[in-house]
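Source: prediction; values computed, not measured. Each chain gets a letter, A, B and so on, in the order its sequence line appears, and its residues count up from 1.
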2 protein chains.
Amino acid sequence: MLSYTEENYLKAIYHLSGAGERPVLTNELAETMQTKPASVTDMVKKLSAKNLIAYEKYYGVNLLKQGKLQALQIIRKHRLWETFLVNKLGFTWDEVHEVAEQLEHIQSGLLIEKLDKFLEYPTVDPHGHPIPDPSGKIKEVKQIPLADFPAYKKCTIRAVKNGSPSFLQYLSKIGIYIEASVSIVDKVEFDGSLEVSIDNKKRVFISREAAQNLMVTG
Amino acid sequence: MLSYTEENYLKAIYHLSGAGERPVLTNELAETMQTKPASVTDMVKKLSAKNLIAYEKYYGVNLLKQGKLQALQIIRKHRLWETFLVNKLGFTWDEVHEVAEQLEHIQSGLLIEKLDKFLEYPTVDPHGHPIPDPSGKIKEVKQIPLADFPAYKKCTIRAVKNGSPSFLQYLSKIGIYIEASVSIVDKVEFDGSLEVSIDNKKRVFISREAAQNLMVTG
DNA sequence: ATTATTTTTTAGGTTAATCTAAACTTTTAT
DNA sequence: ATAAAAGTTTAGATTAACCTAAAAAATAAT
């Protein structure tokens, strides 16, 4: 059984490594874990001793099979809980992260099984992120940033990349939501900002920065 | 902010003290906390320094106002979660305790507020135990053990006292549930066991022990 | 190719919650 | 009333997760 902290490390390693693609450095891990590099070294040795990650001094860590599976289980729980909070309890999408960070550590297979059923087996969370299945498999859907989508063509908002509360609140305020149908109607040369039509109803300006964090499908 | 462990101590003190009526001894606390008396002494000093309990050497501890309030908040959360697990997720009443022990420590006022609303402001949990209101107030209902109820008179099962999983499973099996209408139709002299009629439909024998753990109202 | 800089690790220490063993109170039993 | 038993506290260790400061390795810059 993993500790709360060990679980958080695995999750951070998963995200920082891009689902286990590249090695994660001590310093980046220290930053996301809000701790000191020296502490990371300690923990990384511990996880390595448990065969969850492969740790090589001065090089970084890589997720091993078991570690990746564990990380995916935690992500699964996190996203199921977020879905619950929004769909059932009426949280807004900018309010759920902190609470889900706690709920994801509850240990009960039965609970997650029943929660999944109660939510009718959702495949994405309120931010559009995919929910791994019980075995850790993820149904990836090809998405590109709205910033890279051709102008005048309709597309659908599928996910937010950086889901910080303030960004999410901003999106709500201007009327952008998951599944919204949008199209770029103008590009401002000066700063790369875009004028976007939402559901053929309203038009809003969004920064290049924001457009890079909105993932769409054609 | 209290630690997970501190919260559990407060809750245990609340229960062992009978809602704060009598002092709790180090040894009993050690037993329910599954730890050693020496560890209890340490923790009790800590909670005392935080003015949550009054600790007197060799005498025991008493809950102070703030400590009692905290304990009641945790109990509130525990019972709301149990209600959620049974009413919404389809857990049986013997499966919920362990999970609720974890969920009760989630820190989020908003979450409990919304959960309470989602459950439509329940006043008792699946075991018939009262759910404290947000300020910690409990609506006490006078109940007596079925064992002490007069024979032949109808009464209603309101709560279980010792809600161990095996007892709860046994109750389910013989058809006893919260809100069931029952009456004692025979008392066995030999061992104090009772023959009980449930909903005027079926008759079962229950031990004196069991009858003492079933709380009823007339 | 050295030197300087950055990154990472090691060494040694801290805190919360536990433990064991020994000392000390309180209670119980003669 | 005193001795034995039971209960409780103190003292000193341990473990997980962190820390700081110093040493070591890797990377970048002249």
Side-chain angles (χ1 to χ4, degrees), chain A residues 1-14 16-17 22-63 66-67 70-71 74 101-102 104-107, chain B residues 1-18 22-63 66-67 70-71 74 101-102 104-107:
Chain A
M1 179 120 311
L2 298 178
S3 72
Y4 185 103
T5 308
E6 289 171 325
E7 290 195 344
N8 282 335
Y9 267 88
L10 285 180
K11 193 177 42 140
I13 293 167
Y14 179 91
L16 288 171
S17 70
R22 44 184 174 286
V24 176
L25 305 176
T26 303
N27 263 11
E28 21 174 11
L29 204 39
E31 195 174 345
T32 48
M33 293 304 293
Q34 309 235 69
T35 184
K36 304 292 164 184
S39 309
V40 171
T41 302
D42 283 350
M43 178 54 83
V44 139
K45 281 179 182 168
K46 214 170 75 166
L47 293 172
S48 187
K50 293 189 178 183
N51 280 303
L52 297 167
I53 63 178
Y55 165 55
E56 206 181 314
K57 271 189 185 186
Y58 295 104
Y59 167 73
V61 298
N62 275 112
L63 279 174
Q66 279 308 306
Q70 291 270 9
I74 299 157
E101 285 287 300
Q102 299 179 59
E104 72 189 6
H105 299 291
I106 303 293
Q107 307 282 215
Chain B
M1 178 122 311
L2 298 178
S3 73
Y4 186 102
T5 309
E6 290 170 325
E7 290 195 346
N8 282 334
Y9 267 87
L10 286 180
K11 192 177 44 141
I13 293 167
Y14 179 90
H15 288 310
L16 288 171
S17 69
R22 44 184 173 286
V24 176
L25 305 175
T26 304
N27 262 11
E28 22 175 9
L29 204 38
E31 194 173 347
T32 49
M33 293 304 293
Q34 308 235 70
T35 183
K36 304 292 167 185
S39 310
V40 171
T41 302
D42 283 350
M43 177 54 84
V44 140
K45 282 179 183 168
K46 215 170 74 166
L47 293 173
S48 187
K50 293 189 179 184
N51 281 304
L52 297 167
I53 63 177
Y55 165 54
E56 207 181 312
K57 270 190 186 184
Y58 295 105
Y59 168 75
V61 298
N62 274 112
L63 278 174
Q66 279 308 307
Q70 292 271 9
I74 299 157
E101 285 286 299
Q102 299 178 60
E104 73 190 5
H105 299 290
I106 302 294
Q107 307 282 201

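In terms of phosphate contacts, B:Lys57 brings no side-chain nitrogen or oxygen within less than 4.0 Å of OP1 or OP2 of C:dC24. For A:Ser39 and D:dC18, the shortest distance from a side-chain N or O to OP1 or OP2 is not below 4.0 Å. Within the structure, every side-chain polar atom (N or O) of B:Asn27 is placed at least 4.0 Å from both OP1 and OP2 of D:dA6. Listed pair B:Lys45 / D:dT10 meets the phosphate criterion, a side-chain N or O lying under 4.0 Å from OP1 or OP2. Under 4.0 angstrom from either OP1 or OP2 of D:dC19 there lies at least one side-chain N or O belonging to A:Thr35.
B:Tyr9 comes within 4.0 angstrom of the backbone, heavy atoms only, and of no base. Across all strands, B:Thr26 comes closer than 4.0 Å only to sugar-phosphate atoms, never to a base (heavy-atom distances). Residue A:Tyr55 is in sugar-phosphate contact alone, with no base atom involved, counting any heavy-atom pair closer than 4.0 Å across all strands shown.
Within the 4.5 Å cutoff, the side chain of A:Glu6 has no heavy atoms near those of the A:Gln70 side chain. Contact of the B:Leu10 side chain with the B:Leu47 side chain is registered, since non-hydrogen atoms from C-beta on lie closer than 4.5 Å.
The CD-C1' distance, from A:Glu31 to C:dT6, rounds to 15 Å in whole Å. Summarising the geometry, the separation between NZ on B:Lys36 and C1' on C:dT18 is reported as 11 Å, rounded to the nearest angstrom. Following rounding to the nearest Å, B:Met33 (CE) and C:dC19 (P) show an atom-to-atom distance of 10 Å. In this structure, the CE atom of A:Met43 is 16 Å from the P atom of C:dT10, given to the nearest Å. Straight-line distance from the CG atom of B:Leu25 to the P atom of C:dT25: 18 Å, rounded to whole Å. Residue B:Glu6 contributes atom CD, which lies 12 Å from atom C1' of C:dT15 at whole-angstrom precision. Separating the CD atom of B:Glu56 from the C1' atom of C:dT26 is a distance of 13 Å, rounded to the nearest angstrom. When the P atom of D:dC19 is taken as reference, atom CG of A:Asp42 falls 10 Å away, rounded to whole Å.
The nucleotide whose nearest atom lies closest to any side-chain atom of A:Ala38 is, among C:dT20, D:dA26, D:dA21, D:dA21. Considering only side-chain atoms of A:Thr41, the nucleotide from C:dT9, D:dG7, C:dT20 that sits closest is C:dT9.
Residue whose closest nucleotide on DNA chain D sits further toward the 5' end, between A:Gln34 and B:Glu28: B:Glu28.
Note that OH of B:Tyr9 and CE of B:Met33 are 5.0 Å apart. Values are rounded to the nearest 0.5 Å. Atom CD of A:Gln66 sits about 13.0 Å away from atom NZ of A:Lys50, to the nearest 0.5 Å.
Checking side-chain atoms of A:Gln102 against main-chain N and O of B:Gln107 turns up a donor-acceptor pair under 3.5 Å.
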